[in-house]
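Notes follow once the structure below has been shown.
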Amino acid sequence: MLANFKHTSYKVTMAVPIACLCLFSLALISTHFTTTNGAFSHQSHINLPSENHNTQKLIHLHFYYHDIRNNKNPTIVQVVPVPGNFPYGFGSIFMMDDAMTEGPDLSSKHIGRAQGLFGFASLQDFGMVRLNNFAFTDGIYAGSTLSMLGRNPIAEQNREMPIVGGTGVFRFATGYAIANDVKSISTVEHFVVEYNITVRVP
């Protein structure tokens with residue numbers, strides 16, 4: 001009986017220093033990661049989302065872009081033809097590098113390029129899946145970009161697509177774009193689209 005009691009006591013005595021050692025190691029690791037994270041926050045030129053409190057602002061953008069489909073200087077090119085006898089151009093893919101202008105005329109001030117790709121992704125209507133980067137080259141947003149990704153039902157007006165991010169001034173941007181065809185001045189070879197974009201940025 002006494003032997004059993006001493007044996008149990010010995011095990012408890014040995015467990016205490018091990019427990020202390022584990023707690024000490026955890027404290028050191030925690031201090032190391034806290035210091036590392038703090039160093040990253042101060043060294044990086046990018047503000048972490050947690051560092052911005054109630055500083056978001058709303059920005060409204062309005063411009064036009066121009067699809068040029070002539071044989072001379074096209075800004076939109078089909079890279080994958082319709083792969084079969086599918087309706088609504090299903091499966092075809094296009095690349096674009098369209099001029100962005102302040103006004104509806106191509107001769108108005110150029111503010112950037114609408115670059116990206118789109119494909120016909122619906123068997124029921126002319127529904128595109130669209131990925132666009134609006135790259136601004138002039139004005140207060142020069143050097144910044146906005147990225148748009150979403151469904152574009154081109155037969156409709158007031159088409160809404162999400163803004164999913166950006167760079168420069170638009171880093172961490174979220175918002176939406178409304179697209180409308182300017183049918184009064186558009187032709188088969190030169191199609192004009194009006195964009196109204198609302199984004200929220202830190």
Side-chain angles (χ1 to χ4, degrees), residues 44-49 52 55-80 89 92-121 126-154 156-202:
S44 175
H45 66 282
I46 299 174
N47 291 327
L48 299 177
N52 298 302
T55 58
Q56 289 193 328
K57 59 183 176 182
L58 218 55
I59 297 176
H60 300 281
L61 302 164
H62 177 250
F63 58 85
Y64 298 81
Y65 81 61
H66 303 260
D67 275 341
I68 309 296
R69 307 186 186 201
N70 58 31
N71 293 325
K72 264 187 164 184
N73 299 298
T75 63
I76 177 172
V77 176
Q78 186 173 17
V79 292
V80 178
S92 56
I93 299 175
F94 296 77
M95 295 293 293
M96 61 182 290
D97 182 9
D98 289 348
M100 293 162 49
T101 59
E102 280 190 347
D105 295 324
L106 188 57
S107 59
S108 64
K109 184 180 179 180
H110 285 229
I111 60 169
R113 307 293 297 186
Q115 300 168 330
L117 59 87
F118 59 88
F120 286 90
F126 288 109
M128 294 177 177
V129 60
R130 192 174 196 102
L131 170 61
N132 265 99
N133 287 313
F134 299 115
F136 296 90
T137 57
D138 192 85
I140 59 174
Y141 304 123
S144 299
T145 66
L146 275 174
S147 294
M148 181 181 74
L149 173 65
R151 185 177 189 272
N152 185 16
I154 60 171
E156 303 174 13
Q157 291 287 70
N158 295 312
R159 305 184 295 275
E160 182 176 342
M161 287 163 280
I163 299 296
V164 297
T167 63
V169 174
F170 301 115
R171 190 181 294 147
F172 297 121
T174 56
Y176 65 95
I178 301 294
N180 283 291
D181 303 331
V182 187
K183 296 180 179 179
S184 59
I185 60 172
S186 293
T187 66
V188 174
E189 291 190 344
H190 181 182
F191 205 77
V192 184
V193 182
E194 178 185 23
Y195 268 86
N196 281 283
I197 296 178
T198 302
V199 292
R200 196 179 297 275
V201 295

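The residues of the chain are indexed from 1 along the displayed sequence. Keep in mind it's a predicted model, so treat the numbers as computed, not measured.
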So do [Y] and [X] actually touch side chain to side chain, heavy atoms under 4.5 Å?
X      : Y      : value
Val201 : Leu58  : no
Phe136 : Leu61  : yes
Met96  : Arg130 : yes
Leu146 : Tyr141 : no
Thr174 : Val199 : no
Pro153 : Arg159 : yes
Val182 : Val193 : no
Gln78  : Val80  : no

Are any side-chain N or O atoms of [X] and backbone N or O atoms of [Y], one a donor and one an acceptor, separated by less than 3.5 Å?
X      : Y      : value
Thr101 : His110 : no
Ser108 : Gly103 : yes
Asn70  : Lys72  : yes
Ser144 : Val169 : yes

Considering all heavy atoms of both residues, which atom of [X] and which atom of [Y] are nearest to each other, and what is their separation?
X      : Y      : value
Asp138 : Lys109 : OD2-CE, 2.7 Å
Ala99  : Leu106 : CB-CD1, 4.1 Å
Met100 : Ala114 : SD-N, 3.5 Å
Ile163 : Ile197 : CG1-CG2, 4.0 Å
Val192 : His66  : CG2-ND1, 3.8 Å

* When you look at Phe120 and Ile154, which way does the side chain to side chain contact (heavy atoms under 4.5 Å, CB included) test go after all the steps? -> CA-CA 10 Å; Phe120 286 90; Ile154 60 171; 3.8 Å; yes
Going by distance alone, is a donor N or O of one side chain under 3.5 Å from an acceptor N or O of the other, for [X] and [Y]?
X      : Y      : answer
Asn133 : Ser147 : yes
Asp97  : Gln115 : yes
Glu102 : His62  : no

Nearest 0.5 Å, what's the [atom1]-[atom2] distance between [X] and [Y]?
X      : Y      : atom1 : atom2 : value
Arg171 : Thr145 : CZ    : OG1   : 10.5 Å
Asn152 : Leu131 : CG    : CG    : 12.5 Å
Phe191 : Ile185 : CZ    : CD1   : 10.0 Å
Thr198 : His60  : OG1   : NE2   : 5.0 Å
Ile68  : Ile76  : CD1   : CD1   : 10.0 Å
Glu189 : Asn71  : CD    : CG    : 7.0 Å

* Please lay out, stage by stage, how Asp105 and Tyr64 fare under the test side chain to side chain contact (heavy atoms under 4.5 Å, CB included). => CA-CA 8 Å; Asp105 295 324; Tyr64 298 81; over 6 Å; no
Name the orientation class of the two ring planes belonging to [X] and [Y] (parallel below 30°, tilted from 30 to 60°, perpendicular beyond 60°).
X      : Y      : value
Phe134 : Tyr65  : tilted
Phe94  : Phe118 : parallel
Phe63  : Tyr195 : parallel

* Asked: Are any of the side-chain nitrogens in Asp98 or Arg113 under 4.0 Å away from the carboxylate oxygens of its partner?
  -> no
* Asked: When Tyr176 is tested against each of Glu160, Met148, Arg200 for side-chain contact (heavy atoms from CB on, under 4.5 Å), which residue passes?
  -> Glu160
* Run the side chain to side chain contact (heavy atoms under 4.5 Å, CB included) check on Gln157 and Asp181 step by step: do they pass? -> CA-CA 7 Å; Gln157 291 287 70; Asp181 303 331; 3.7 Å; yes
